[in-house]
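None of these values were measured; they are calculated from a predicted model.
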Amino acid sequence: MKREYLAFDIGASSGRGIVGSLENGKIELTEVHRFPNVQVLLWGHYYWDILKLFEELKEALSNSIKKGYKNITSLGVDTWGVDFGLIGRDNVLLGNPYSYRDSRTNNIMEEAFNMMPANDMYKYTGIQFMQFNSVFQLYSMVKTSHPLLPVSEKLLFTPDLLNYMFTGEMVSEYSIASTSQLLNAKTRQWEPEIFAKLSLPIDIMPEIVKTGTRIGPILDDIATETGASNIDVVAPASHDTASAVAAVPAKGENWAYLSSGTWSLMGIETASPLINDLTLSSNFTNEGGINDTIRFLKNIMGMWLLNGCRKEWIENGISADFRVLLESAKSANPFKAIIHPDDPIFLNPPNMIKAICEYCSNTNQPLPETPGEFTRTILESLALKYRYVIEIINQISDSKITTLHIVGGGSQNELLNQYAANACGIPVVAGPIEATAIGNIMVQAITAGEIGSIEEGRQIVKNSFDMKTFEPQETAMWDEAYQKYNHLFK
């Protein structure tokens with residue numbers, strides 16, 4: 001009897017339920033439910049509607065049963081990182097989790113570094129400093145004497161919280177725990193020194209479990225409500241990027257990955273953390289991956305910038321069809337302006353178009369004017385940032401990167417793929433699109449014993465999906481643009 005696995009893949013703007021199965025050495029996928037995931041603004045703060053998200057997951061499970069998937073062995077949840085919910089006495093959910101884009105962590109890093117120097121924190125965690133990391137979210141609650149902290153008994157990251165709702169079990173999967181900047185990268189346990197220096201409550205932190213752990217069966221009332229039965233909840237690589245990297249169809253070494261979507265997450269797999277002065281100064285991160293590997297990577301503000309512009313154009317009655325924007329970008333003047341994608345001005349601006357114009361004005365560059373020029377400026381700037389990251393990786397790692405694998409929804413953006421090849425000067429292999437869900441399903445299948453190893457799983461991915469290779473073009477022009485990039489940002 002063919003086994004089926006249900007992957008819940010939830011990003012910062014939408015989520016999907018996807019059923020996967022293996023047949024004839026290939027993975028077959030069927031989407032059974034898609035839903036929005038939006039930040040809720042209330043009293044000046046941004047929250048996630050976690051109960052609504054859970055209802056969507058139950059609907060996806062119910063839809064799977066109704067569509068005839070009667071042999072679902074397990075389900076797995078992956079989400080974005082760093083955000084968390086709090087559980088109080090008698091298993092009560094204490095409010096809705098804050099969104100990482102909430103302003104409560106503005107300037108909080110500087111205050112935290114007064115209590116624990118950045119060098120010391122990085123030495124333990126190896127995690128890239130970003131103001132919304134869990135450590136700074138939690139510290140902001142301590143600083144403001146948030147009323148929920150004294151009555152909190154457990155902190156659960158978003159996928160762990162959803163697993164708890166399904167099973168009643170409170171644990172944290174390794175890859176999602178690693179995004180918090182509260183985990184010691186070497187011991188892979190919560191680092192007591194960070195909690196002590198920042199006066200954070202370590203007693204509310206959950207037990208850390210390995211990727212692929214069976215957490216437990218779904219609760220009886222959920223089984224009754226959805227029509228499901230005998231379904232285990234398995235912790236895949238619960239951080240969405242970790243699941244995406246698990247599905248990269250690569251062999252051997254000398255390759256880097258780019259999980260392309262709202263964020264561009266770019267790096268390599270390593271057996272152990274890379275923590276030194278160069279990784280600190282370059283603000284690289286060491287997050288948990290499949291098979292206890294480390295995802296040594298850089299978080300880059302990805303299609304968030306273009307999506308923000310599209311939102312403004314649509315609200316002002318301007319056409320913002322994605323395909324039309326890419327076509328108009330092709331004919332726009334190259335390198336009219338270059339922006340730094342990770343500048344704080346772009347994190348959550350009221351108006352992304354104005355933020356880009358302000359940035360260009362502040363750096364004495366011409367302002368983009370048409371949607372095509374804005375689109376080209378964003379895509380070229382992202383590609384140049386990718387080159388910067390590749391160059392740092394080549395300095396730090398033992399081998400030179402010769403291929404870049406782009407996975408995720410952003411791998412469909414052929415213009416950005418080509419720009420990445422041009423900028424980095426190496427071939428870019430694009431696909432699969434559904435890498436995160438595929439990696440989620442792969443881990444479930446490994447846990448069930450249907451796939452023997454991650455290497456076998458990656459070969460199955462290669463056999464199952466079409467990939468497209470982009471060779472470098474116009475490299476001299478891109479080399480010149482990169483010199484301008486370095487002049488602007490170093």
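Using a distance-only test at 3.5 Å, with no hydrogens or angles considered, a donor-acceptor pair links the side chain of Ser282 to the main chain of Leu278. The main-chain N or O of Val19 is never found under 3.5 Å from a side-chain atom of Thr30 such that the two would form a donor-acceptor pair. In this structure, the side chain of Ser411 engages the main chain of Gly408 through a donor-acceptor pair within 3.5 Å. Although no hydrogens or angles enter the test, the distance criterion places a donor-acceptor pair under 3.5 Å between the side chain of Ser134 and the main chain of Val82. Between the side chain of Thr179 and the main chain of Gly81, no donor-acceptor pair closer than 3.5 Å is present. Formation of a donor-acceptor pair under 3.5 Å by the Ser14 side chain with backbone atoms of Pro36 is not found in this model. Within the 3.5 Å criterion, the main-chain N or O of Ala448 finds a donor-acceptor partner in the side chain of Arg3. Under the 3.5 Å distance criterion, the side-chain polar atoms of Gln128 are left unmatched by any main-chain donor or acceptor of Lys298. When atom types are taken as modelled, the side chain of Thr158 and the backbone of Asp83 share a donor-acceptor pair closer than 3.5 angstrom. Looking at Asn440, its side chain does come within 3.5 Å of a backbone N or O of Gly76 through a donor-acceptor pair.
For the ring-ring contact (aromatic ring centres under 6.0 Å, His included) condition, the pairs that include at least one residue of residues 262-299, sequence neighbours left out, are Phe132-Trp263, Phe284-Phe296. Within the structure, the salt bridge (charged side-chain N to carboxylate O under 4.0 Å, His left out) test picks out the following pairs touching residues 433-451 (sequence neighbours left out): Arg16-Glu434. Counting only residues at least two apart or in different chains, ring-ring contact (aromatic ring centres under 6.0 Å, His included) contacts with residues 192-219 are absent. Pairs passing the salt bridge (charged side-chain N to carboxylate O under 4.0 Å, His left out) check and including a residue from residues 262-277, sequence neighbours excluded, read Glu269-Arg458. Listed by first and then second residue, the salt bridge (charged side-chain N to carboxylate O under 4.0 Å, His left out) pairs that reach into residues 214-225 are Lys58-Glu225, Arg214-Asp232, sequence neighbours excluded. Screening residues 152-168 for salt bridge (charged side-chain N to carboxylate O under 4.0 Å, His left out), with sequence neighbours left out, gives no hits.
Across all non-hydrogen atoms, the minimal contact from Pro192 to Ile202 is CA-CD1, 4.0 Å. Here the closest non-hydrogen pair linking Pro371 and Ile318 is CG-CG2, 4.3 Å. Residue Ala320 comes nearest to Ile314 through the heavy atom pair CB-CG1, 3.8 Å, listed as atom of the first residue, atom of the second, then distance. Across all non-hydrogen atoms, the minimal contact from Val443 to Ala237 is CG2-N, 4.2 Å. Between Ala420 and Leu404, the shortest heavy-atom distance links the atoms CB-CD2, 4.5 Å. Contact record, Ile72 with Ser64: CD1-CB, 3.7 Å, taken as the closest heavy-atom pair.
Residues Tyr47 and Leu42 have side chains in contact (heavy-atom distance under 4.5 Å, counting atoms from C-beta outward). Taking 4.5 Å as the limit, every side-chain heavy atom of Thr363 sits out of range of all side-chain heavy atoms of Glu358. Using a 4.5 Å cut-off on side-chain heavy atoms (C-beta onward), Thr270 and Thr293 make no contact. Residues Ser180 and Phe157 are in side-chain contact: their nearest non-hydrogen atoms beyond the backbone lie under 4.5 Å apart. In this structure, the side chains of Leu265 and Arg295 stay at 4.5 Å or more apart for every pair of heavy atoms. Looking only at side-chain heavy atoms (C-beta outward), Thr167 and Pro217 stay at 4.5 Å or farther from each other. Looking only at side-chain heavy atoms (C-beta outward), Cys309 and Ile356 come within less than 4.5 Å of each other.
In this structure Tyr164 satisfies the ring pair (Phe, Tyr, Trp, His ring centres under 6.0 Å) test with no other residue, sequence neighbours excluded. Lys311 meets the side chain to side chain donor-acceptor pair (under 3.5 Å) test with Glu315; sequence neighbours excluded. Residues satisfying the side chain to side chain donor-acceptor pair (under 3.5 Å) test with Asn351, not counting sequence neighbours, are Glu312. Residues satisfying the ring pair (Phe, Tyr, Trp, His ring centres under 6.0 Å) test with Phe35, not counting sequence neighbours, are His33. Every salt bridge (charged side-chain N to carboxylate O under 4.0 Å, His left out) that Lys385 has, sequence neighbours left out, goes to Asp342. Taking Lys210 as the reference, Asp292 meet the salt bridge (charged side-chain N to carboxylate O under 4.0 Å, His left out) condition, with sequence neighbours excluded.
Residue Lys143 holds its NZ atom at 13.5 Å from CG of Leu138, rounded to the nearest 0.5 Å. If you take CD on Gln181 and CZ on Phe136, they are separated by 4.5 Å, rounding to the nearest 0.5 Å. With rounding to the nearest 0.5 Å, the separation of CG in Asp102 from CG in Asn348 is 9.0 Å. Taking CE of Met301 as the reference point, atom OG of Ser264 lies at 10.5 Å (rounded to 0.5 Å). With rounding to the nearest 0.5 angstrom, the CG atom of Leu325 is 4.0 Å from the OG1 atom of Thr375. In this structure, Phe54 CZ and Leu57 CG are separated by 7.0 Å, a value rounded to the nearest 0.5 Å.
Using modelled atom types and a 3.5 Å distance limit, the side chains of Tyr122 and Thr279 yield a donor-acceptor pair. Judged by distance alone, the side chains of Ser175 and Glu173 do bring a donor and an acceptor atom under 3.5 Å apart.
Ring centroid separation for the pair Tyr98 and Phe84 does not come in under the 6.0 Å cut-off. Between Tyr46 and Tyr100, the distance separating the two ring centers is not shorter than 6.0 angstrom. Proximity of the aromatic rings of Phe113 and Phe129 is defined here by a centroid distance below 6.0 angstrom, and this criterion is met.
The aromatic rings of Tyr388 and Tyr485 are tilted relative to each other, their planes meeting at an angle between 30° and 60°.
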From CA spacing to verdict: side-chain hydrogen bond (donor to acceptor under 3.5 Å, both in side chains), Ser178, Glu287: CA-CA 5 Å; Ser178 72; Glu287 296 175 355; 5.3 Å; no
Pair Asn163-Glu169, side-chain hydrogen bond (donor to acceptor under 3.5 Å, both in side chains): steps then yes or no: CA-CA 7 Å; Asn163 289 338; Glu169 300 294 330; over 6 Å; no
Derivation and outcome, side-chain hydrogen bond (donor to acceptor under 3.5 Å, both in side chains), residues Arg101 and Gln39: CA-CA 9 Å; Arg101 295 193 188 274; Gln39 300 172 98; 5.1 Å; no
Stepwise side-chain hydrogen bond (donor to acceptor under 3.5 Å, both in side chains) test for Glu4 and Ser21: CA-CA 5 Å; Glu4 297 153 348; Ser21 60; over 6 Å; no
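In the displayed structure, Asn230 atom CG is contacted under 6.0 Å by at most 12 heavy atoms of other residues, nucleotides or ligands.
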